[in-house]
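In what follows, chains carry the letters A, B, and so on, assigned in the order in which the sequence lines appear, proteins first and then strands, with residues in each chain numbered from 1.
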There are 2 protein chains.
Amino acid sequence: MAATSAGKTYHHGDLRNALICAAVDLATAGGPERVVLREAARRVGVSPTAAYRHFEGRGELLRTVRNHARRELAASMERAAAREPGADDPVLAAERRVAALCRGYVGFAVEQPGLYRAAFCAAHPAAAGEPEPGRATAEPEIRAFTLLREALEALARLGAGRPGARPATGAAAWSAVHGLSLLLADGPLRRLSAHGRSVVVDATLAMVVSGTTTV
Amino acid sequence: MAATSAGKTYHHGDLRNALICAAVDLATAGGPERVVLREAARRVGVSPTAAYRHFEGRGELLRTVRNHARRELAASMERAAAREPGADDPVLAAERRVAALCRGYVGFAVEQPGLYRAAFCAAHPAAAGEPEPGRATAEPEIRAFTLLREALEALARLGAGRPGARPATGAAAWSAVHGLSLLLADGPLRRLSAHGRSVVVDATLAMVVSGTTTV
DNA sequence: CCCGTAATGTTCATGCGGTTAACTTCGGGC
DNA sequence: GCCCGAAGTTAACCGCATGAACATTACGGG
């Protein structure tokens, strides 16, 4: 039977994916706290507990959404970088790439605040103790950060000779872009007009691209 | 009767404050999502619904905690700035003040991650529509930001003559410090060693203090 | 072609948290 | 002394996460 379309079979056929999609929709609409197992099941037309056949629980579902969101974020950055026209001057090109990646990052956060928040949600919404002291589960690496860091390193290599205008460290740049995104998407700057927003974004990008670092 | 101490009267005498304290403790220990009305009431030794005599509901309690946390954050910044030794050079002094404020900010976030997150929680943990289009309720102003902005303005005024080394815009600086705080307190950088942390903080501060801005 | 088994869903039940409604106690003003 | 309103209390409803026991179906031997 056509698993995903026919519909009325007892066995759904692709529940896991269906639940993920529903959960992503929920996160998109209302952020990570809105990712509710029962609601996702309801939307897929299945009983609440069916989800437990495919996920450990809400936590794992949320983690899956988080990973999805992180991929989307990185994709948004790469799209923005790809749109950027090249430049003859390699330094200029590198600067533009950094700026474009950052714009893609912030743009994603502003256009998809719910997903963006989900991308960085703790996934431990109520865990008290430190369940993992050994940390066997390595964090899966966040591509958005890697992209940014590599672009900055490239820029730093090119501009090594110029005095006092080295770009920011990867982590410093990430901090700036991440903080800006949260302030704009969900925080105190959320009500800024499009113009006000672009002013703030430009100022932050300038700081990131040309800021000096002591390290 | 001694309102806050005697204890066993039917009427508590200072329930509102007691609940706020309990809620602050909860946020301190586990962040805003742990601020649970029933638990706060339990700790104070009162029935869950008693809280409704003093708060509209969980939302208002959480907002109260948030305001408390914001005050604490600003206080941490001012303490750090006050500890900072003066300097003969006014520019240097201004730079030091900015850096000290930032350190106070990040320090608070790292030492009190739960409270810090509470300071910026949306307080609309499950609100779908936009209940307030007119926005009559002006946001109460966030002192942490004001402190930072003013210090940066002072620095910018002093350093107006120097070429290519203007400090960051208030919003850009706030972005950097806020993002750094979240990454360190609760985000992907939360497992950094004290040393790694200080490297990242220094790099970010350098970017903030000496970064150029186009605006 | 039939059957057993495991995978996949379902129903019931428990416990927690937010919130409302209706009742109770107590501190004071008259 | 009495009555009222503020501050608490109990009971009840709803949604959510989760676990246990039961039902249905797909499928790979025989």
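Centroid-to-centroid, the aromatic rings of Tyr116(B) and Tyr105(B) come within less than 6.0 Å.
Listed by chain and number, the residues in a salt bridge (charged side-chain N to carboxylate O under 4.0 Å, His left out) with Arg71(A) amount to none (sequence neighbours excluded). Under the salt bridge (charged side-chain N to carboxylate O under 4.0 Å, His left out) criterion, Glu60(B) pairs with Arg16(B), not counting sequence neighbours. Under the salt bridge (charged side-chain N to carboxylate O under 4.0 Å, His left out) criterion, Arg63(A) pairs with no residue, sequence neighbours left out. For Glu78(A), the side chain to side chain donor-acceptor pair (under 3.5 Å) partners at least two apart in sequence or on another chain are Arg143(A).
Nucleotide dA7(D) holds its C1' atom 8 Å from the CG atom of Leu15(B), rounded to whole Å. Remark: P of dA17(D) and CD of Glu33(A) are 13 Å apart, rounded to the nearest angstrom. dC16(D) atom C1' lies 9 Å from atom OH of Tyr52(A), rounded to whole Å. In this structure, Glu60(A) atom CD and dA17(D) atom P are separated by 15 Å, rounded to whole Å. As rounded to whole Å, 13 Å separates atom C1' of dG17(C) from atom CG of Leu26(B). Atom-to-atom, CZ of Arg16(A) to C1' of dA7(C) comes out at 15 Å; the value is rounded to the nearest Å. Atom C1' of nucleotide dT19(C) and atom CD of Glu56(B) are separated by 12 Å, given to the nearest angstrom. Here the P atom of nucleotide dA7(D) and the CG atom of Leu19(B) are 13 Å apart, to the nearest Å.
Between dG8(D) and His54(B), a contact under 4.0 Å exists linking OP1 or OP2 to a side-chain N or O.
If one axis is set at each end of the helix from dC1(C)-dG30(D) to dC30(C)-dG1(D) from five pairs, those axes are 20° apart, to 10°.
Looking at residues 38-47 of chain B, you'll see Arg38(B), Arg42(B) sit with a heavy atom under 4.0 Å from some atom of DNA chain C.
Of all nucleotides listed (dT11(C), dG8(D), dA17(D)), dT11(C) comes nearest to the side chain of Thr49(A). Comparing dG9(C), dA17(D), dC23(C) by their nearest atom to the side chain of Arg53(B) picks out dC23(C).
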N/O donor-acceptor pairs under 3.5 Å from side chains in residues 20-28 of chain A, not counting sequence neighbours:
| unit_1 | atom_1 | unit_2 | atom_2 | d |
| --- | --- | --- | --- | --- |
| Thr28(A) | OG1 | Val24(A) | O | 2.7 |

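Counting only residues at least two apart or in different chains, salt bridge (charged side-chain N to carboxylate O under 4.0 Å, His left out) contacts with residues 98-107 of chain A comprise Arg103(A)-Asp202(A). Judged as a salt bridge (charged side-chain N to carboxylate O under 4.0 Å, His left out), the pairs with a partner in residues 35-57 of chain A (not counting sequence neighbours) are, in order, Glu39(A)-Arg42(A), Glu39(A)-Arg43(A).
In this structure, the side chain of Thr169(A) does not engage the main chain of Ala172(A) through any donor-acceptor pair within 3.5 Å.
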